[in-house]
Amino acid sequence: MENLTTLAGVNAAVRKNGSTYYRASITHKGKHIALGSYDNPLIAHAAYLEARGIIENSAWELKNWKKDYALTFQKCVILVNYRDQGVYIGTPILLKKGFFLYYLSYNDILTFDIDDLFYYSSHSIMRRGTHLFVADYGSQISILSRYNIPAYGVAGRDYRFINGDSSDLRYQNIEIINRYRGVRMYTEKGFQRYKAVIHIKSSYVIGRYNTEYEAAIAYNKAADILTKKGINKKYELNYIEDLSPKDYADIYTRVKISERILKYSETEIKRNVKKQVSI
């Protein structure tokens with residue numbers, strides 16, 4: 001039987017509970033690359049042999065990977081990129097001319113601009129349903145925030161993928177439709193107009209406006225009115241950096257708010273008072 005302590009690319013280690021596991025690694029052109037940890041030394045050695053086969057054989061492609069490999073698919077991506085580009089990146093990135101591919105899995109591939117390489121070479125992307133995020137200082141950060149798309153943004157309403165491919169996250173493929181909270185753009189008689197909407201117990205239309213600035217400020221004004229009248233929803237206001245304080249104040253003063261919003265707030269206060277009295 002082969003001496004397990006001398007298997008190439010395998011080193012035994014001990015967990016805190018006293019059990020033994022095996023680390024697989026390979027060194028290529030002076031670069032030491034960790035391949036993974038395994039409970040079985042033979043599987044760890046298989047991972048080493050697979051890594052050698054990838055690095056030393058330029059004909060090996062990602063489509064050659066099989067589910068019974070000891071190496072994960074993501075590790076194979078890293079090795080192929082290192083072999084072909086001479087650059088070691090610790091996340092499953094494949095460099096291309098002017099862009100790069102990020103492999104979440106064999107069939108789940110994202111495309112990014114090369115400008116994002118530094119960030120994603122040190123941040124692993126995770127997926128939960130359609131939500132893509134990275135872990136940063138203990139928080140889950142949506143990758144869409146890098147495009148100034150807020151957490152409440154909805155594809156097709158607040159932003160869209162120009163070529164229809166939601167996996168193509170290059171900047172030129174993402175168009176921001178609605179930049180502000182509570183604002184919806186729509187077309188009326190061939191012209192772009194903006195509707196402001198606010199949520200109380202359901203969504204209420206604040207008004208319809210000619211500019212997104214007016215709609216965004218109308219949302220802020222409606223939120224202020226509702227808050228002052230006792231509706232505690234902790235509305236987050238829109239910050240509009242393109243306007244001077246004077247321009248903002250002028251729009252805030254003249255922008256009209258739906259009477260339905262005002263009447264709803266007054267009615268709601270009366271209902272709350274009645275409930276408190278009955279209790």
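Just so it is clear, the values below take in all heavy atoms, side chains as well, and ignore hydrogens, waters and symmetry mates. Just so you know, these numbers come straight off a predicted model, no measurement behind them.
A single hydrophobic cluster is seen to contain both Tyr102 and Tyr119, as judged by linkage of ILVMFWY side chains at heavy-atom distances under 4.5 Å, directly or through other members.
Inspection of the Asp136 and Ser139 side chains reveals no N or O donor paired with an N or O acceptor under 3.5 Å. In the model, Ser105 has no side-chain atom that pairs as donor or acceptor with a side-chain atom of Asn107 under 3.5 Å.
Within the 4.5 Å cutoff, no side-chain heavy atoms of Val77 are placed close to those of Ile93.
The side-chain tip of Arg170 does not point at the ring of Phe112 from less than 6.0 angstrom away and within 45° of straight on. For the pair Arg208 and Tyr194, the cation-pi criterion (under 6.0 Å, within 45° of the ring axis) is not fulfilled.
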Quiz prompt | Ile206/Val197 under side-chain contact (heavy atoms from CB on, under 4.5 Å): CA gap, chis, key distance, verdict | solution = CA-CA 5 Å; Ile206 301 167; Val197 178; 5.9 Å; no
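Within 6.0 Å of atom NZ in Lys96, 12 or fewer heavy atoms from other residues, nucleotides or ligands are found, so the atom counts as exposed in its surroundings. Taking a 6.0 Å sphere around CZ of Arg23, one finds it holds 12 or fewer heavy atoms contributed by other residues, nucleotides or ligands. Tyr186 OH: more than 12 foreign heavy atoms inside a 6.0 Å radius.
Residue Asn173 is tested with Asp165, Thr111, Asn163 for a side-chain hydrogen bond (donor to acceptor under 3.5 Å, both in side chains); the sole match is Asn163. Of the residues listed (Thr253, Asp242, Asn220), the one engaging Tyr248 in a side-chain hydrogen bond (donor to acceptor under 3.5 Å, both in side chains) is Asn220, and it is the only one. Considering Asp113, Asp116, Asp115 as possible partners of Arg146, the one that fulfils the salt bridge (charged side-chain N to carboxylate O under 4.0 Å, His left out) test is Asp116.
With respect to Glu56 and Arg52, a salt bridge is recorded, a charged nitrogen being found less than 4.0 Å from a carboxylate O. Remark: Lys228 does not engage Asp224 in a salt bridge, criterion side-chain N to carboxylate O under 4.0 Å.
Of the possible polar contacts, none joining the Tyr180 side chain to the Ile240 backbone as a donor-acceptor pair under 3.5 Å is found. Distance alone, capped at 3.5 Å, is enough to place a donor-acceptor pair between the Asn81 side chain and the Val87 backbone.
Between Tyr235 and Tyr219, the ring planes lie perpendicular to each other; the angle is over 60°, past the 30° to 60° tilted range.
The shortest non-hydrogen separation linking Tyr252 to Lys221 is O-NZ, 2.9 Å.
The line from CD of Glu50 to CG of Asn64 is 12.0 Å long, rounded to the nearest 0.5 Å.
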